[in-house]
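Whatever order the structure lists them in is the order used to number ligands and atoms, beginning at 1. Only heavy atoms go into these numbers, but all of them, side chains included; no hydrogens, no water, no symmetry mates. Residue indices begin at 1 and follow the sequence shown.
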Amino acid sequence: MESTIASKSQEYIELENEHGAHNYHPLPVVLDRGDGVYVWDVEGKRYYDFLSAYSAVNQGHCHPAIVNAMNEQAQTLTLTSRAFHNDKLGVYEKYMTDYFDFDKVLPMNTGAEAVETAIKIARKWAYEKKGVPEHQAQIIVAENNFHGRTTTIISFSNDEGARKNFGPYTPGFIKVAYDDVDALENALKQENVAGFLIEPIQGEAGVYTPDDNYMREARELCKKYEALFIADEIQTGIARTGALLAVCGKCTCQGHCERQQTYARPDILILGKALSGGAYPVSAVLADNDIMNVIKPGQHGSTFGGNPVAAAVAMAALDVVRDESLAQNARKLGEHFRKRINEYISTTDTVTLVRGRGLLNAIVVNDSETSDTAWNICLRLRDHGLLAKPTHGNIIRFAPPLVMTMEQLDECIDIIIKTLKEFE
Ligand SMILES: *Cc1c(COP(=O)(O)O)cnc(C)c1O
């Protein structure tokens, strides 16, 4: 099924194979240009991007406002380190805390670093504010979580590939079933719990979308047992699921709606990926003063965290989300996507279901988890001009940039259905 690759592409693939660590298994396509919802390969063939770099490119490839902000800042001042102040960091921090409605932000670079930051803050808060005995703090996490790749984070993963032979593992984590409030409450009853770290939708695991009330009930349970509710919105945040944050649930107000029942306001909010629109690694942790102020000078940091380019890029990227109403567009297009795919599913045995929220969706292919059907479907989608990738065996995630139009989406759904029909 692996259709032939043009020789120019093959050369680039061989360079990577020969000289790069084999820590990924990419779909065989070599890209050299992106614009909005499209990317082009080195032979000049155009594709719809249905992965958006794992939801980092929500604003579309090379968005001119983001690229301009980056260029301008790159020519002015790129890095001072936090040894000195600069004229962008404070402006960015005010922008971020206003935008997401928290007292303070701690800027980092990658998602995994931001998760590590949240873990450190939660532990320190537990010792200094909750009175947990030193070295005893526990953080509750969900089965099948994905929070990144550092040694501490893989310690509480249950992905064998991510864990095996990378031990010894960091202790201090309790794992509970996802989307199970009773399991969460039982864990919260244990001693020394600092917090509950959760993805509002489990993206990497296969776009597992919990019950509509799960986040809000988890939020309330954390309050009841005096544990921090820590939302990892690195993949679900920044309009992807049809609201500014996935913890906003069904609300359309872009996060500024604490009084509404549906907003499960986190004590600690973790952002990354689309915070820069894919232009630059930018991540952030947000919390209010009573939590964030446990961190004192010298206790945490990063050379590049909050650098002037990151600050300029992130502000431009968040302006785009607001100015172009990306949350509303993701919601509208997502509903249309699931409606049309469901209509197709009712006619076929090839796909068992479509699930998701906004433009974070996945289909489950009717085959075993170890089969290569989903991979072969993605190769054929590529041949038909659409790029997607299986996440876990028989599940294919569909997450295009949020700047897509309804007409483009319909064309993409036509491609997807045409391709799936070849596998009937
Ligand atoms: C991608 C992702 C991370 C890790 O981000 P990196 O930038 O790859 O380190 C963490 N949590 C979630 C939910 C993610 O999707």
Side-chain angles (χ1 to χ4, degrees), residues 21 23-24 26 51-58 106-122 139-159 161-163 166 170 173 175 178-179 195-210 214-215 218 229-241 245-247 264 266 268-286 302 304-307 310 313-314 317 356-362 389-392 395 397-399 402:
N23 57 330
Y24 277 91
L51 183 64
S52 306
Y54 303 99
S55 298
V57 191
N58 286 2
L106 197 159
M108 297 295 281
N109 314 286
T110 67
E113 281 178 317
V115 172
E116 289 274 348
T117 302
I119 290 168
K120 286 175 69 177
I121 294 170
I139 291 177
I140 302 169
V141 297
E143 303 272 3
N144 299 320
N145 65 73
F146 181 83
H147 296 286
R149 301 294 198 168
T150 62
T151 38
T152 287
I153 292 172
I154 57 110
S155 296
F156 57 85
S157 162
N158 40 5
D159 175 346
R163 276 172 63 86
F166 293 120
T170 308
F173 298 94
K175 221 177 282 167
Y178 189 67
D179 196 16
F196 174 45
L197 170 63
I198 190 72
E199 297 160 86
I201 291 173
Q202 288 188 323
E204 292 310 299
V207 190
Y208 285 99
T209 310
Y214 178 54
M215 282 296 111
F229 179 59
I230 308 164
D232 179 348
E233 292 249 18
I234 292 169
Q235 186 161 158
T236 53
I238 329 250
R240 170 56 57 186
T241 64
L245 301 173
V247 289
I268 302 180
L269 172 64
I270 309 169
L271 298 172
K273 294 200 168 112
L275 185 51
S276 73
Y280 200 75
V282 185
S283 67
V285 176
L286 293 119
S302 158
F304 281 85
N307 70 75
V313 164
R357 205 188 291 158
L359 280 175
L360 182 59
N361 295 290
K389 220 187 154 222
T391 178
H392 283 88
I395 302 168
R397 172 173 31 201
F398 288 124
L402 311 182

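For atom 8 (O) of ligand 1, the protein comes within 4.0 Å by no heavy atom at all.
Atom 1 (C) of ligand 1 has its closest protein heavy atom at Lys273 NZ, 1.5 Å. Nearest protein heavy-atom neighbour of atom 11 (N) of ligand 1: Asp232 OD2, 2.7 Å. In terms of protein heavy-atom proximity, atom 5 (O) of ligand 1 is nearest to Gly111 CA, 3.3 Å. Ala112 N, 3.7 Å is the protein heavy atom nearest to atom 4 (C) of ligand 1.
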Derivation of the side chain to side chain contact (heavy atoms under 4.5 Å, CB included) call for Glu233 and Ile270: CA-CA 6 Å; Glu233 292 249 18; Ile270 309 169; over 6 Å; no

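Side chains of Ser302 and Asn109: a donor on one and an acceptor on the other come within 3.5 Å.
Put simply, the side chain of Thr241 never gets that close to the backbone of Gly358: no donor and acceptor are under 3.5 Å apart. With hydrogens and angles disregarded, a donor-acceptor distance shorter than 3.5 Å links the side chain of Ser155 to the backbone of Thr151.
Counting heavy atoms under 4.0 Å from ligand 1, residue Arg149 does not touch it at all.
Relative orientation of the Phe196 and Phe229 rings is tilted, given thresholds of 30° and 60° on the angle between their planes.
Ligand 1 lies within reach of Phe146, whose nearest heavy atom is under 4.0 Å from it.
Near His147, with a cut-off below 4.0 Å to any heavy atom, the atoms of ligand 1 are 10 (C), 11 (N).
For a threshold of 3.5 Å applied to N or O pairs, the pair formed by Glu113 and ligand 1 contains no separation below that value.
More than 12 heavy atoms of other residues, nucleotides or ligands sit less than 6.0 Å from atom OH of Tyr178.
Between Glu204 and Arg397 there is a salt bridge, with a side-chain nitrogen of the basic residue lying less than 4.0 Å from a carboxylate oxygen of the acidic one.
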